[in-house]
Amino acid sequence: MMKPQVLLLGEIDHAHKEWSSLSSIANVIEPKARSREEFIEECKSGAFDKISVAYRTFQSVAITGLIDEELVSVLPKGLKFIAHNGAGYDQIDVHACTAHGIRVSNVPTAVDDATADVNMFLILGALRGFNTSMMALRNGHWKGSPPPPLGHDPQGKVLGILGMGGIGRNLMKKAAAFGMTTQYYNRSPLSKELSGGAKYKETRHIISTKEFEKMRKGVVIVNTARGAVMDEDALVKALDKGQVGSCGLDVFEEEPKVHPGLVANPNVMLVPHMGTWTVETQTKMEVWCIKNVKSAIEKGKLMSPVGEQKNM
Ligand SMILES: O=CC(=O)O
């Protein structure tokens, strides 16, 4: 019998052993395309017609572009599974995939420690106002003149967590070790029956001017989720007014672009999307994603389907 074919979109950098062990159950194909246009052409050429599973990385968006309706509609009909190597899957239009009979998985859990660590780093950095003096030192001005205002301790502060999934719960434990108490908010879409077919409102810009105004003046904001969760323009304005005192960001609305108002503001700590950027975590993520590919081939279903497809 012919082995099933797996399409590799992106690179395997760490889990080489696990990836090569796939060869006993599948043949791996890599695209020749170097742009979205070429990729669409390659799909239409029939080169991928025997593919049933695709493994994709966050970075592969540089070749294929977003996995949106246009792309999904040219993917080979036999492609039934997309295993995405990442926790966040905003590059993939899951509704379009569902409509075309494609199941999507992501990588939860493996990302929790590293992402919560970056969040805690940004919380501490923003509370202490370290960015201004770190810049001053490099510019030959020691702490800066005048020295920056005193920072604040995390001990006794209340941490609000928006999104109490694996990363949120991991962060809560870390913050507790720093003496913080947590309040949380979590979104959970209703079941199909209860929502009566109404489309679930996504999380884009759920934090904007109105929400900043409800917060305590001088609030510290950290984002390690996705940039678009917050209205970046509104954040810049709230920082300029002092409504937001300082902030720490790992994610941005239009990566790799960063709003000039954020770059210009020394009260903002900026990290270029490095939440999971460690050897240990990248390795765990690849291993996890490969398990999804194996499960798709051997059991006909993904090990960790995305939330929208959990009940299918
Ligand atoms: O941003 C990183 C991820 O979604 O895994």
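For ligands, and for the atoms within them, numbers begin at 1 and follow the listed sequence. Values reported hereafter were calculated over all heavy atoms of this structure, with side chains retained and with hydrogens, waters and symmetry mates removed. When a residue number appears, it is its place in the shown sequence, counting from 1.
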Return yes if a side-chain donor-acceptor contact under 3.5 Å exists between [X] and [Y], otherwise no.
X    : Y    : result
H273 : E255 : yes
S23  : S20  : no
T57  : E11  : no
D113 : T281 : no

Centroid-centroid distance, Y89 to F58, less than 6.0 Å: no

One line per pair, note the atom names and distance for all nitrogen or oxygen contacts under 3.5 Å between ligand 1 and the protein.
unit_1   : atom_1 : unit_2 : atom_2 : d
ligand 1 : 1 (O)  : R226   : NH1    : 2.9
ligand 1 : 1 (O)  : R226   : NH2    : 3.4
ligand 1 : 1 (O)  : H273   : NE2    : 2.6
ligand 1 : 4 (O)  : A87    : N      : 3.2
ligand 1 : 4 (O)  : G88    : N      : 2.6
ligand 1 : 4 (O)  : R226   : NH2    : 2.8
ligand 1 : 5 (O)  : A87    : N      : 2.7

Run the side chain to side chain contact (heavy atoms under 4.5 Å, CB included) check on V268 and N131 step by step: do they pass? CA-CA 7 Å; V268 181; N131 193 54; 5.8 Å; no

